[in-house]
Amino acid sequence: MSEASVVAAAGLHPDCAYRAGRLCLDGVELAAVAAAHGTPCYVYSRANIAARWHAYDAAFGDRPHRVCYAVKANDNLAVIRLLGRFGAGFDIVSGGELARVLATGARAADVVFSGVGKSVAEIERALAAGVGCLNVESLDELERIAAAAVRLGVVARVAVRVNPDIDAGTHPYISTGLKENKFGVPIGNALALYRRIAADAALHAAGIACHIGSQLTSFAPVIDAVREVVGLAGALAEVGIALEHVDVGGGLGIHYRDEQPPPIGEFVRAVLQAVPEHYTVVMEPGRSLVGEAGVLLTRVEYVKDTPAKRFVIVDAAMNDLLRPTLYEAWHEVRPCAEPAADAETLPCDVVGPICETGDWLARGRELAVAPGDLLAVLGSGAYGFAMASNYNARPRPPEVLIEDGGARLVRARERVEDLMRNELDLLGDL
Ligand code: LLP
């Protein structure tokens, strides 16, 4: 699929469609990917990521801006490098993410460091590398940053992340802008932090930040938050603290089931209208750049009929894709071989091999499947592999990037030996 045609389809699933009865991603047969790399396996569409990126970038026009990809959504090095090549900056939340971003050759100056619990070591590493901005979430953190900057002999560029106490209207686990959430500084306390910054030669007030939540299907709450933040930036300018940028966070949702999130361009334009032109606008999208670009391939091991239910037991599990059980999230499941129009479907739960009742990928679906069938779990590009674990000593799946009509392995399947590496030598004579 050309990048242009994906742009036209932005807001829908990527070109994950049947061709001659075979489910393909960007024209590449998913069954062939599974044959080459096994299952479970994450597969991402480069063209879809590119289209999403260009939708963001184009919408900003000539307004000064930086789109900082939220690496937590999918921290595969190939995805980071790709977005870096397109011109993205990066939003990180840990020293590990900083290392990943720098390993791809990105510039530290294009990084914003978010997060409520930065350690001294992480702050020092970020300052030594020269990150573009640390988004500060408390006075104590600011003091840590100031002390570290003095030790290292650098000036720390900071922004205060404000908690505007606005309901983002999303799942409570991923809502971050309410006063009862752990994030940010209450807006009423922000001025005091900026005065502290202005009084310290080791600190520079580069901007102001907010982020109210994820998987947002309406941008109205973001705009309300941005207005609050811009109002505060104006008040700061009046007392001589002139900020360069306004960081509006990420959060734009994607289409999993029946959500209708606004198109990227509409969202960006609404933000631009709410921010005066002399500020650089920083945005931190994660899910909306990579979420719809990915599928998780999994094979049916067993079909188990019980008096109560039919269970389709597959080889992917909650350790591979946690979102369904953690957030009761819906991911569409499609057989990779197109079922005949008259195939008899039966209601079933798609579950994994893990020893927990919560180990499910989809519940109450109508599917016609048999053991050995290959399934694709859609919308798995964001917070899929990134949240995978080794629970039940399960090696994490490989990751494959579809580009130019081919499938490129971008992360090898973990091996059981990898999981034991840090323990075997310590066993000694135990
Ligand atoms: N900026 C900050 C400060 C954030 O905390 C986040 C996400 C983002 C940007 C990116 O948000 P996005 O554009 O991806 O919505 N694991 C959850 C999502 C957690 C989001 C956490 N913060 C999920 O699977 O739905």
Side-chain angles (χ1 to χ4, degrees), residues 1-58 69 73-88 254-256 261 263-265 285-299 316 320-321 331-339 373-386 397-413:
M1 178 184 231
S2 75
E3 290 181 4
S5 60
V6 189
V7 176
L12 302 172
H13 277 298
D15 184 15
C16 190
Y18 293 106
R19 289 194 184 176
R22 303 285 193 160
L23 194 63
C24 295
L25 186 61
D26 289 341
V28 173
E29 254 188 50
L30 289 170
V33 177
H37 300 289
T39 55
C41 176
Y42 276 99
V43 191
Y44 310 126
S45 154
R46 181 193 205 275
N48 191 264
I49 297 173
R52 294 297 189 127
W53 165 262
H54 290 302
Y56 268 105
D57 202 45
Y69 167 57
N74 183 327
D75 64 11
N76 183 283
L77 294 179
V79 172
I80 297 173
R81 168 156 297 165
L82 203 61
L83 284 159
R85 291 239 157 100
F86 294 154
I254 63 169
H255 172 80
Y256 288 106
I264 289 168
R287 186 190 321 261
S288 53
L289 280 171
V290 295
E292 288 185 18
V295 305
L296 172 62
L297 294 181
T298 183
R299 203 169 287 282
D320 303 302
L321 181 65
H331 286 258
E332 196 177 333
V333 176
R334 280 193 200 161
C336 289
E338 189 170 20
D373 284 2
L374 187 64
L375 304 178
V377 184
L378 305 192
S380 303
Y383 307 109
F385 188 96
E399 294 173 284
V400 169
L401 187 68
I402 301 295
E403 56 171 10
D404 303 329
R408 171 205 278 249
L409 183 67
V410 290
R411 180 181 172 115
R413 183 182 301 284

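As the structure is a computational prediction, the values presented were derived from the model and not from experiment.
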With D75 via salt bridge (charged side-chain N to carboxylate O under 4.0 Å, His left out) - residues at least two apart: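 For D75, the residues satisfying salt bridge (charged side-chain N to carboxylate O under 4.0 Å, His left out) (neighbours in sequence not counted) are R100.
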Does the side chain to side chain contact (heavy atoms under 4.5 Å, CB included) test come out yes or no for N74 and Y44, once each step is laid out? CA-CA 10 Å; N74 183 327; Y44 310 126; 3.3 Å; yes
Indicate every side-chain donor-acceptor pair of residues 404-412 with a distance under 3.5 Å to a residue at least two apart or in another chain.
from : atom 1 : to   : atom 2 : distance (Å)
R408 : NE     : E403 : OE2    : 2.7
R408 : NH2    : E403 : OE2    : 3.2

Measure across [X] and [Y] and return the closest heavy-atom pair with its distance rounded to 0.1 Å.
| X | Y | value |
| --- | --- | --- |
| G384 | L321 | CA-CD1, 3.8 Å |
| C41 | V400 | SG-CG2, 3.8 Å |
| A73 | V290 | CB-CG2, 4.0 Å |
| L30 | C336 | CB-SG, 4.1 Å |
| D320 | A316 | OD2-CA, 3.3 Å |

Given side chains that start at C-beta, do those of [X] and [Y] come closer than 4.5 Å, heavy atoms only?
| X | Y | result |
| --- | --- | --- |
| V295 | S380 | no |
| H331 | L378 | no |
| P40 | R413 | yes |
| D26 | S45 | yes |
| W53 | L289 | yes |
| P397 | L297 | no |
| V33 | I402 | yes |
| V79 | Y69 | yes |

Does atom CZ of R22 have more than 12 heavy-atom neighbours from other groups under 6.0 Å away?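 Not more than 12 within 6.0 Å, no.
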Enter the distance from L23:CG to R334:CZ here, rounded to the nearest 0.5 Å.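 L23 atom CG to R334 atom CZ measures 6.5 Å (nearest 0.5 Å).
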Is a side-chain donor or acceptor of [X] paired with a backbone partner of [Y] at a separation under 3.5 angstrom?
| X | Y | result |
| --- | --- | --- |
| E292 | N48 | no |
| R52 | S288 | yes |
| Y18 | P339 | no |

Decide yes or no on side chain to side chain contact (heavy atoms under 4.5 Å, CB included) for L296 and F385, but give the supporting numbers first. CA-CA 9 Å; L296 172 62; F385 188 96; over 6 Å; no
